[in-house]
Structure formats: C-alpha cells, structure tokens
Visitor: 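Take this structure, written in structure tokens, and hold onto it; I'll ask about it next.
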Amino acid sequence: FNVSSLQELMNKALPTDEMIAHAFDWSKYYYVRSRLQEVNITVRGGNDRSRYYFAAGHYYEQGTLRDNGLKRTSFRLNLDHDFNRMLSLKAGLNGVLDHETQPVVPPGLHEMPSWLSPYDVNGELRSSLNPIGIPDERRPNFLFERQFNSRRYQQHNLLGNIKLTLRPTDWLTISSSNAGNLMRGSGRFYADARSFMGKEYSLDNNGFLITSEGNSDYFITSNTLVLERRSGKHWLRFLVGQEYQQISSEKSGWDMQGINLAAGGYFSYLLPSLGTRELPLLPYYNTALTWEDFNGGRRKSRMFSLFGGLAYSYRNRYFISASLRNEASSEFGPRHRNAAFWSAGASWVINKEPFMQALKAVNLLKLKVNVGTSGSQIGDLALTKTVYGRNSILGFYPGDGYNGAPGVYPFQTGNPDLTWETTRTLNIGLDVGLLNRIAVSVDYYRKRSYDLIQEVPQSAAAGNLSPQFRNAG
C-alpha cells in the first residue's frame, strides 16, 4: 500500500460497514453434501474340475469439496481348471477404470473473508477477487471460473495372469507363470478465454489447454522345474528356472495457447505435420491457434534371469541350501549387463536331538547361518546414455537463450561402464521357543555394499557442467 499513515492503511485494508452488512458464507459454496454410491455383484460356481469367480462393481463419490468427484468401475474374473490329474490351469483378469474431476481453482477458504462477496453491486459474479485489498493483487473467483473451465483425469488399469502346472509324477513339477499389466492415463486442464485464469495465466490472454497422456505396459514370465523327493530320513529339493520381464512406458503432453471459443469449426487434429492421430479435445478452434509446448518420451527396459537352487535335509534336523542366479539387464551397457549372485545357508534344529528330549520346556532351539550376495540395478534413469535437454534460457521464448538463439545442452553425461550395485550379507541367528508360548530370536547381521551408483560432478574445464553417475561407492 502507498499510504502515509496507519489510519489510511486501515481504511484501505479493512472492510467497510456495507461490506460487513453483506457478508458472504463461502463455506456453503466451497463445500457440498457428500454423496456415495456403490453397487457390487458377485457370481461363483463350478464342479470338481472347473471353478470360476466373477465380481464387478461401480463406485461413485461426490466429495465434500465442490467439483471434486470420482467414478470407478471394476471387475475381476478368476478361472481354475484341471484338465487331468497332471495338468492344471489358473487364469485371472482384473480391471479398474477411474474417472476423476477436480476443482479448477484450489479452494483457499482461509483466504476468503466473509465480507468479500463474489458478486458485484449488480448481482453479477466478479471475474476476480482481492482478498485483503492489496493493489493489483487479484485471485480467481471460484464461482466464476467453474462456469467455463474444467479439470479432468482418467486412468484405466488392466491386469491379467495365467499359470500352467504340469505334474507328471509326484516328485516333479513344471510350471509357467505369466502376467501382464496395461495402464492408460490422461489428463485435461482447460481454461476458457472468458475466465480470469484463461486471460491472466496464458501468454496471449486468450485461454489455454494442457493435456497429458501416459501409458505403461508390464509383462513377466517365469518358468520353473522343481524336483522334490523324500526317501526315508532324507529330503531333497532341486529347482531350476528362467524369468523374463519387460517394462514399456511412454508419455506425452501438450500445452496449447490461443484458444478462441467464439470461432466455429471442430478441433480434429493436433499438429498434422507430425502425423498425430485425431484427438477431439476441443469443441471449437480458430486458424490463429498457437502452439506453445509439446513434450513426451518413451522408454523400454528388459531383464532376463537364469536361476537354480538346491536344498537338503537329514532327519528333518539338519538343513543346507544354496542358490545361484544370473541377471542380465538392459539398463546397463552391453559389457556390464550380466551379473551373478549367490547364497548359501545351513541350520540345525537342536531341540530334536536326543540329548534335548529331557528339556520339555524347550519346544524350539534352532541355530542358523546364511550368507550371500544380491544386486540392484539403476532403475529407469537411463544413466548409461548422454541425454540432452532444453529450457527457457536457451531461447524458446523471445529474448531468451544465447543471443536469442535456441539450443540444447547435455544435462546428463552417460556412463557405459556402469555396472550392478552388489550387496553382501551375513546372518547368524538363534531361535528359541519356550513352553509353546514364548518365542525369542537373536541375530547377528552384517551387510556391506559395493559399487554404489553415485552422482559425480564433472570438470568445468572440460566444458561439460552436467553430472555423471559412476560406481563410486
């Protein structure tokens, strides 16, 4: 405030008697009575060889906040079938479809004093409000904005799995488990040119549209062969298997400016020169529609594993086990994708020894030791590749960049020599059970990690300011 005295400040900042006399209860317009609807149906049946289960549901919730709602449709189908005594099948399919609406203006009830009315003296909605009377400090009017603007999101998730099991003998089991997950999501935030947000928050004061899409596909297959045999005092289990998983994801976003609803026509194509598909996102458009930003990306990662394990026990008293696993991940460079990890363990159930039978109070006394290694990959950061990017300082807006010219810069320096992080663990423990009521466990645990992936700054003298990830730990 540009004032010369405290009284002048109070006259400008505090409400007048007329404003207080026409107080407005914002809570009645921000919040509504919540509604909840839910419908479910379940069907199941079968016979001695086949069994099925089906469930579907619809859920709708109107939140206590106006324009905040969720619609969800879901279903589940399970099938079990025994072809014969050796071959069986299990399959399942689940789906969830969500549609969500959100307020276009986050409700700041604490910012809206009761003397601040959303209506002017003529009873018309104000396009903007000034909560505390600061000059040029305007906020969107929640009631005015919701007439024109919208904010919607949707996500569809489909998960399926199928497992085949073959048991040619009572000691041999061969199985194949396969699962996939498809996720599709999109969002849409539209601010009309007639709204306060469409005028003040767009570059040309003519509204904007922001859309986003994200897709993710996941697939995994695991195939194992298990031999398990008991003979007298001996028990043996041998496992060998293979596993493959693939994750694909892509996302895209559009930030569009210059929307004019007063013009006729139908918005059918986004950037035809890029070959985009028909997306009827807007009811109208004009030939002066401007395009401000387009972004997106696509990634795919794969991992292949071979593994085996052996377990043996004698008299159900002495146990030993060992396993070996080889992992190959596309997240690493060609020379460092493969890594082998192992584990070994042994245990002794002391309370089953003859010399312990006189101690009836001790129902469990077990000594155990395990040692092994495990690996961790780098996730989905593409750290082995050099990635280039841009931002506003490189000239994508007038006056930016180097002499106003656009460009790109490396914001991540790739390292093709990255390899797996490795963790080695040792665990020695003792389990004690007393009177079938008291259980006590004492463990000594040691863990040490190698080749930790860490961000390492680069020398500015080399002309590269972007960091590089290395196995530095």
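All values derive from a computational prediction rather than experimental measurement.
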Visitor: Quick check: do Asp67 and Thr101 have side-chain heavy atoms less than 4.5 Å from each other?
Guide: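 The answer is no, as the side chains (C-beta and beyond) never meet within the 4.5 Å cut-off.
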
Visitor: Can Val43 and Tyr52 be said to form a side chain to side chain contact (heavy atoms under 4.5 Å, CB included), step by step?
Guide: CA-CA 8 Å; Val43 180; Tyr52 66 87; 4.0 Å; yes

Visitor: Do you know which two heavy atoms are closest between Asp82 and Arg51, and how far apart they sit?
Guide: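 Asp82 and Arg51 have their closest heavy atoms at OD2-NH2, 3.6 Å.
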
Visitor: Checking Asn40 against Thr42 for the side chain to side chain donor-acceptor pair (under 3.5 Å) test, could you report, in this order, the C-alpha distance in whole Å, the side-chain angles of both residues, the deciding distance, and whether it holds?
Guide: CA-CA 7 Å; Asn40 295 292; Thr42 301; over 6 Å; no

Visitor: I'd like to know if the side chain of Asp120 and the backbone of Asn122 have a donor-acceptor N/O pair within less than 3.5 Å.
Guide: yes

Visitor: Is any side-chain heavy atom of Gln242 less than 4.5 Å from a side-chain heavy atom of Phe304?
Guide: yes

Visitor: When you look at OH of Tyr29, are more than 12 heavy atoms from neighbouring residues, nucleotides or ligands closer to it than 6.0 Å?
Guide: no

Visitor: Are Asp80 and Lys163 ion-paired here, with the side-chain N under 4.0 Å from a carboxylate O?
Guide: no

Visitor: Whether the side chain of Arg49 engages the backbone of Phe83 through a donor-acceptor N/O pair (distance < 3.5 Å, no angle test) should be reported.
Guide: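 Flag set: sc Arg49 to bb Phe83 pair under 3.5 Å.
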
Visitor: Would you say that Met303 contacts Glu327 through its side chain, given a criterion of any heavy-atom pair below 4.5 Å between the two side chains?
Guide: yes

Visitor: Do the side chain of Ser34 and the main chain of Gln62 share a donor and acceptor less than 3.5 angstrom apart?
Guide: yes

Visitor: Before you tell me yes or no, could you show the steps for Thr423 and Ser374 under side chain to side chain donor-acceptor pair (under 3.5 Å), namely the whole-Å CA-CA distance, both residues' side-chain angles and the distance that decides it to 0.1 Å?
Guide: CA-CA 5 Å; Thr423 300; Ser374 61; 4.6 Å; no

Visitor: Taking it one step at a time, do Ile453 and Asn471 satisfy side chain to side chain contact (heavy atoms under 4.5 Å, CB included)?
Guide: CA-CA 5 Å; Ile453 299 175; Asn471 294 102; 3.6 Å; yes

Visitor: Could you label the plane-to-plane angle of the Phe341 and Trp420 rings as parallel, tilted or perpendicular, counting under 30° as parallel and over 60° as perpendicular?
Guide: perpendicular

Visitor: Hey, what do you get for CZ (Arg139) to CD (Glu145), rounding to the nearest 0.5 Å?
Guide: 13.5 Å

Visitor: If you round to the nearest 0.5 Å, how far is CG of Leu324 from CH2 of Trp342?
Guide: 10.5 Å

Visitor: Is the side chain of Asn78 donor-acceptor paired with the backbone N or O of Tyr53 at a distance under 3.5 Å, no angle test?
Guide: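 No, the answer is negative, given that no donor and acceptor are paired below the 3.5 Å cut-off.
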
Visitor: Could you go through Tyr59 and Glu61, starting from their C-alpha distance and side-chain angles, then the distance that decides it, and tell me whether this counts as side chain to side chain donor-acceptor pair (under 3.5 Å)?
Guide: CA-CA 7 Å; Tyr59 177 88; Glu61 179 181 1; 2.7 Å; yes

Visitor: Between Trp26 and Pro118, is there a side-chain heavy-atom distance shorter than 4.5 Å?
Guide: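 They are in contact (side-chain heavy atoms under 4.5 Å apart), so the answer is yes.
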
Visitor: Starting at CD of Gln155, measure out to OG of Ser216 and round the result to the nearest 0.5 Å.
Guide: 9.5 Å

Visitor: About how many Å separate CG of Leu209 and OH of Tyr190, when rounded to the nearest 0.5 Å?
Guide: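 Spacing of OH (Tyr190) from CG (Leu209) equals 8.0 Å.
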
Visitor: Taking the side chain as C-beta and beyond, is there a heavy-atom pair between Phe332 and Leu418 under 4.5 Å?
Guide: yes

Visitor: Which pair of non-hydrogen atoms, one from Pro103 and one from Asn68, has the smallest distance, and what is that distance?
Guide: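 Distance-wise, the nearest heavy atoms are CD-CB, 4.2 Å.
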
Visitor: Quick one: do Arg72 and Asp98 make a salt bridge, cutoff under 4.0 Å?
Guide: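 Asp98 and Arg72: salt-bridged.
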
Visitor: Could you walk me through whether Leu158 and Leu93 pass side chain to side chain contact (heavy atoms under 4.5 Å, CB included), step by step?
Guide: CA-CA 7 Å; Leu158 185 65; Leu93 183 65; 3.8 Å; yes

Visitor: Quick check for you: to the nearest 0.5 Å, what is the distance between Asn181 atom CG and Tyr218 atom OH?
Guide: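 So the CG of Asn181 and the OH of Tyr218 are separated by 9.0 Å.
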
Visitor: Which atom names give the shortest non-hydrogen contact between Asn94 and Leu77, and what distance separates them?
Guide: OD1-N, 4.2 Å

Visitor: Indicate yes or no: at least one non-hydrogen side-chain atom of Glu421 is less than 4.5 angstrom from one of Ser449.
Guide: no

Visitor: Using side chain to side chain contact (heavy atoms under 4.5 Å, CB included), reason through Asn415 and Leu383 one step at a time and then give a plain yes or no.
Guide: CA-CA 7 Å; Asn415 182 5; Leu383 301 183; over 6 Å; no

Visitor: Indicate yes or no: at least one non-hydrogen side-chain atom of Arg146 is less than 4.5 angstrom from one of Arg66.
Guide: yes

Visitor: Side chains of Ile162 and Leu89, heavy atoms from C-beta outward: is any pair under 4.5 Å?
Guide: yes

Visitor: For a quick check under 3.5 Å, do Gln468 and Arg470 share a side-chain donor-acceptor pair by atom type?
Guide: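 Their side chains do contain a donor-acceptor pair, which is all the 3.5 Å distance test asks for.
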
Visitor: Restricting to non-hydrogen atoms, name the atom on Ser150 and the atom on Arg188 that form the minimum distance, rounded to 0.1 Å.
Guide: OG-NH1, 3.0 Å

Visitor: Answer yes or no: is there a donor N or O on one side and an acceptor on the other, between the side chain of Asn149 and the main chain of Asp192, under 3.5 Å?
Guide: yes

Visitor: Would Phe54 and Phe75 count as a close aromatic pair, with their ring centres under 6.0 Å?
Guide: no

Visitor: Tyr244 and Gln246: side-chain donor and acceptor closer than 3.5 Å?
Guide: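 Looking only at side-chain atoms, Gln246 and Tyr244 do form a donor-acceptor pair, the distance falling under 3.5 Å.
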
Visitor: Any donor-acceptor pair under 3.5 Å linking the side chain of Thr221 with the backbone of Asn178?
Guide: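 No: the side chain of Thr221 does not pair with the backbone of Asn178.
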
Visitor: Give, for atom CZ of Arg298 and atom NZ of Lys251, the distance between the pair rounded to the nearest 0.5 Å.
Guide: 13.5 Å

Visitor: Looking only at heavy atoms, what is the nearest atom pair of Phe307 and Ser222, with distance?
Guide: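 Looks like CZ-OG, 4.5 Å.
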
Visitor: Over all heavy atoms of both residues, which pair between Met183 and Asp217 is shortest? Give the atoms and the distance, please.
Guide: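 Shortest heavy-atom separation between Met183 and Asp217 comes out as N-OD1, 4.4 Å.
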
Visitor: Count the heavy atoms of every other residue, nucleotide or ligand shown that sit under 6.0 Å from CG of Leu36, and state whether that count exceeds 12.
Guide: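 Count over threshold, so yes.
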
Visitor: Relative to the ring of Tyr30, is the ring of Phe142 parallel (under 30°), tilted (30 to 60°) or perpendicular (over 60°)?
Guide: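 Geometry flag for Tyr30 against Phe142: tilted rings.
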
Visitor: Determine, for Glu243 against Arg325, whether the closest basic-nitrogen to carboxylate-oxygen distance falls under 4.0 angstrom.
Guide: yes

Visitor: Evaluate side chain to side chain donor-acceptor pair (under 3.5 Å) for Ser343 paired with Ser323, printing each intermediate quantity in order.
Guide: CA-CA 5 Å; Ser343 68; Ser323 66; 2.4 Å; yes

